[in-house]
Amino acid sequence: MRILLIEDDENLNRQLAQMLRESDYVVDCAYDGVEGHFLGDTEPYDAVILDIGLPTMDGVTILEKWRAAGRKMPVLILTARDRWSDKVAGIDAGADDYVTKPFHIEEVMARIRALIRRAAGHAASMITCGPIALDVKASKATLNGELLRLTSHEYRLLSYLMHHQGEVVSRTELTEHLYDQDFDRDSNTIEVFVGRLRKKVGPEWIETVRGLGYRMQVPE
Ligand code: CA
């Protein structure tokens with residue numbers, strides 16, 4: 001899952017990015033409004049954390065521009081405690097949720113997990129596919145109740161496929177959602193990861209759709 005983080009407070013940006021990466025998200029960081037708006041307009045993200053008070057372009061304007069351009073990714077806004085009007089403006093502009101500063105980073109993490117789950121149509125923090133269970137809260141996966149030993153890349157791949165169960169997911173889409181913008185993108189890498197993941201979860205669950213990509217099976 002790939003997240004865009006737009007926050008001009010460098011300390012807060014660093015802390016949030018670190019926590020997100022420790023939870024196996026891929027994170028692109030922006031420190032001002034114009035850069036953040038550009039990234040959200042041109043790159044695919046599974047969720048965005050957007051500070052409202054930003055230099056060069058404020059968060060509400062960014063959000064209005066994205067929504068007007070048809071960008072639908074879930075957005076969590078960060079607002080200052082004494083600026084209740086920012087909250088209202090942010091929600092009116094199309095924010096999906098908000099957190100008021102100062103906050104506990106854990107709260108932001110919980111809200112991001114919930115936004116991503118809801119966007120994928122899952123209400124609970126546990127997603128299952130036959131014998132495979134994904135605990136998005138703990139960033140862990142099990143097979144028949146046994147913990148799966150996955151690398152960070154394998155976990156992200158499994159998580160993305162399970163959030164999109166039954167859908168064909170192209171290699172390009174996977175590459176875009178599993179790596180940050182600076183990664184040297186090579187679609188063969190995805191094939192290697194899929195191959196390794198198949199060995200761990202059982203080959204029958206991840207189908208190759210020739211010429212299109214991969215599909216996580218929906219159990220009968
Ligand atoms: Ca700010």
Side-chain angles (χ1 to χ4, degrees), residues 1-4 19-28 43-49 71-76 96-97 106 108-180 183 185-220:
M1 296 290 156
R2 187 172 173 198
I3 300 205
L4 173 61
M19 275 294 276
L20 288 162
R21 288 185 179 123
E22 281 170 11
S23 300
D24 285 317
Y25 293 106
V26 176
V27 189
D28 289 342
E43 298 283 327
Y45 291 101
D46 298 291
V48 179
I49 298 174
R71 310 287 294 175
K72 294 192 181 80
M73 65 284 201
V75 174
L76 174 72
D96 297 274
D97 202 354
E106 280 302 337
V108 174
M109 302 296 293
R111 287 179 186 274
I112 280 294
R113 286 194 295 269
L115 283 184
I116 291 175
R117 276 197 326 260
R118 263 184 261 141
H122 300 280
S125 66
M126 195 71 99
I127 302 174
T128 59
C129 173
I132 310 162
L134 187 78
D135 181 345
V136 295
K137 197 171 163 201
S139 303
K140 288 194 166 78
T142 56
L143 180 69
N144 293 313
E146 299 275 337
L147 185 67
L148 276 169
R149 295 189 162 277
L150 301 176
T151 63
S152 176
H153 278 298
E154 290 163 358
Y155 174 81
R156 284 190 228 150
L157 175 62
L158 180 64
S159 173
Y160 196 85
L161 290 171
M162 289 199 53
H163 275 83
H164 296 86
Q165 247 178 80
E167 297 170 29
V168 177
V169 176
S170 71
R171 283 190 191 87
T172 310
E173 186 177 342
L174 285 171
T175 312
E176 284 174 346
H177 288 262
L178 299 181
Y179 305 112
D180 57 38
F183 192 85
R185 294 170 182 189
D186 175 358
S187 69
N188 291 328
T189 320
I190 291 285
E191 254 177 73
V192 173
F193 286 136
V194 169
R196 286 191 201 146
L197 188 59
R198 273 204 182 108
K199 282 191 190 141
K200 295 187 180 180
V201 303
E204 67 274 29
W205 295 106
I206 305 169
E207 175 195 359
T208 299
V209 184
R210 199 169 289 278
L212 294 174
Y214 304 99
R215 177 163 50 204
M216 193 93 200
Q217 297 298 312
V218 179
E220 306 268 308

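In what follows, residues are counted from 1 in the order of the sequence shown.
Within the model, atoms OG of S23 and CE of M1 stand 13.0 Å from one another, a figure rounded to the nearest 0.5 Å. In this structure, the separation between CZ on R149 and NZ on K200 is 9.0 Å, given to the nearest 0.5 Å. To the nearest 0.5 angstrom, I112 atom CD1 is 12.5 Å from M19 atom CE. One distance of note links CG of L150 with CG of L197; it measures 6.5 Å at 0.5 Å rounding. Here the CG atom belonging to L148 is positioned 7.5 Å from the CG atom belonging to L158, to the nearest 0.5 angstrom. For the atom pair I206 CD1 and L157 CG, the distance stands at 6.5 Å (nearest 0.5 Å).
Without hydrogens or angle criteria, R215 side chain to V209 main chain gives no donor-acceptor distance under 3.5 Å. Side chain of R113 to main chain of S125: no donor-acceptor pair is present (N/O by atom type, distance under 3.5 Å, no hydrogens or angles). Side chain of E173 to main chain of V168: no donor-acceptor pair is present (N/O by atom type, distance under 3.5 Å, no hydrogens or angles). Not one N or O on the side chain of N144 forms a donor-acceptor pair closer than 3.5 Å with the backbone of E146. Remark: the backbone N or O of R2 is paired with a side-chain donor or acceptor of D46 at under 3.5 angstrom.
Contact detail for Q165 and P219: the closest heavy-atom pair is OE1-CD, 4.0 Å. Heavy atoms only, all atoms of each residue included: K140 and Y155 are closest at N-CE1, 3.7 Å. Of all the heavy atoms in S159 and L134, the pair that sits closest is CA-CD2, 3.7 Å. Heavy atoms only, all atoms of each residue included: E204 and Q217 are closest at O-CG, 3.3 Å. When all heavy atoms of A119 and P74 are compared, the closest pair comes out as CB-CG, 3.9 Å. Across all non-hydrogen atoms, the minimal contact from D24 to R156 is O-CG, 3.1 Å.
The aromatic rings of H153 and F193 lie parallel to each other, their planes meeting at an angle below 30°, with 60° marking the opposite boundary.
The shortest side-chain heavy-atom distance between H163 and V136 falls under the 4.5 Å cut-off. Between T208 and V194, every side-chain heavy-atom pair lies at or beyond the 4.5 Å cut-off.
Between the side chains of D28 and Y45, at least one donor N or O sits under 3.5 Å from an acceptor N or O. At a cut-off of 3.5 Å, with distance as the only test, a side-chain donor of Y214 or R171 sits close to an acceptor on the other residue.
Within 6.0 Å of NZ in K137 there are 12 or fewer heavy atoms belonging to other residues, nucleotides or ligands.
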One pair to check against side-chain contact (heavy atoms from CB on, under 4.5 Å): L20 and V108. What are the steps and the verdict?
CA-CA 10 Å; L20 288 162; V108 174; over 6 Å; no

Dump the intermediate steps for side-chain contact (heavy atoms from CB on, under 4.5 Å) on V48 and R71, then the final yes or no.
CA-CA 11 Å; V48 179; R71 310 287 294 175; over 6 Å; no

